[in-house]
Amino acid sequence: MDLLLFGIQGSGKGTQAKRLAAEFGFDIFEAGGELRKIAASGSPLGETVKSYIDAGKLVPHEIIMQVVKEAIGKRPKSQKILFDGIPRDADQKRDFDAIMMEAGRDFRGIQLLLEPEEGVQRILGRAKIEGRADDANEEVIRRRMQTFVDKTLPVIEAYGKEGKIVAIDGRGEIDAVYEEMRGEVQMMK
Ligand code: AMP
């Protein structure tokens with residue numbers, strides 16, 4: 001069973017993803033990370049991707065779907081995947097669900113709940129450590145949050161209606177939040 005992680009930027013999703021991957025053997029597909037690699041390549045495609053990331057906007061549909069499709073295609077079905085940062089809007093959900101269905105992969109999701117303002121503050125703190133340009137600009141961060149609220153929350157709601165998602169309070173200590181998450185993942189197996 002594959003796992004989708006949802007949560008606003010700063011919710012601790014990336015950290016928890018790494019721990020879950022280590023404990024349960026997931027291979028992580030981090031949409032933002034994959035796109036940042038392409039952006040750093042210097043190719044014309046990279047330049048395009050970079051312009052969206054720098055602006056805090058979702059990169060065009062065809063680009064991200066091509067990336068995720070390839071990532072799914074090259075992994076054997078026996079390799080569980082943890083998807084971080086995809087799908088992020090209704091169109092991505094539609095195509096993602098179809099790709100997963102075609103690949104014969106079943107999945108469930110976890111949503112890490114955190115107030116957007118708390119996320120903004122956490123990211124501003126993290127930017128100083130990780131040096132990400134799109135994390136250092138408050139306007140860009142706020143645009144990413146707004147995109148999450150406008151486009152990604154409806155995706156989470158839709159998966160909720162399909163009975164595919166559980167929500168976990170992301171406000172606590174990393175270890176306490178992780179304990180809750182691992183409990184959920186154990187039940188999914
Ligand atoms: P993140 O690392 O998840 O904060 O994502 C950083 C940036 O990568 C976002 O602001 C978008 O520009 C881009 N990005 C990440 N995931 C997606 C996605 N699923 N669809 C489109 N753009 C994405």
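Both counts, for ligands and for their atoms, begin at 1 and track the order of listing.
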So which protein heavy atom does [atom] come closest to, and at what separation?
atom                    : result
atom 19 (N) of ligand 1 : Gly85 O, 2.9 Å
atom 20 (N) of ligand 1 : Gln92 NE2, 2.8 Å
atom 14 (N) of ligand 1 : Leu35 CD1, 3.4 Å
atom 4 (O) of ligand 1  : Arg144 NH2, 3.1 Å
atom 3 (O) of ligand 1  : Arg88 NH2, 2.9 Å
atom 8 (O) of ligand 1  : Ile53 CG1, 3.8 Å

| query | Taking only heavy atoms of Ala31, which atoms of ligand 1 are found under 4.0 Å from at least one of them? | reply |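 Those of ligand 1 that fall under 4.0 Å from Ala31 are 16 (N).
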| Going by the order shown, which atoms of ligand 1 are within less than 4.0 Å of some heavy atom of Gln9? |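 So the answer, numbered in order with elements, is 4 (O).
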| task | Decide whether an N or O pair under 3.5 Å exists between Val59 and ligand 1. | result | yes
| Can a non-hydrogen atom of Arg36 be found less than 4.0 Å from any atom of ligand 1? |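 Checking ligand 1 against Arg36, which is what was asked, there is a heavy-atom contact under 4.0 Å.
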Are [X] and [Y] ion-paired here, with the side-chain N under 4.0 Å from a carboxylate O?
X      : Y      : answer
Glu117 : Arg142 : yes
Glu23  : Arg182 : yes
Lys80  : Asp2   : no

State, to 0.1 Å, how close [X] and [Y] come at their nearest heavy-atom pair, and which atoms those are.
X     : Y      : value
Ile86 : Gln92  : CD1-OE1, 3.5 Å
Ile8  : Met145 : CB-SD, 3.9 Å
Glu34 : Phe29  : CG-CE1, 3.5 Å
Gln9  : Arg88  : NE2-NH2, 3.1 Å

| field | Cationic tip of Lys164 above Phe107 ring, under 6.0 Å, 45° of axis | value |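 That pair qualifies as a cation-pi contact.
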| Where's the contact between Lys57 and ligand 1, heavy-atom distance under 4.0 Å: side chain, backbone, both or neither? |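 Backbone only; the side chain of Lys57 stays clear of ligand 1.
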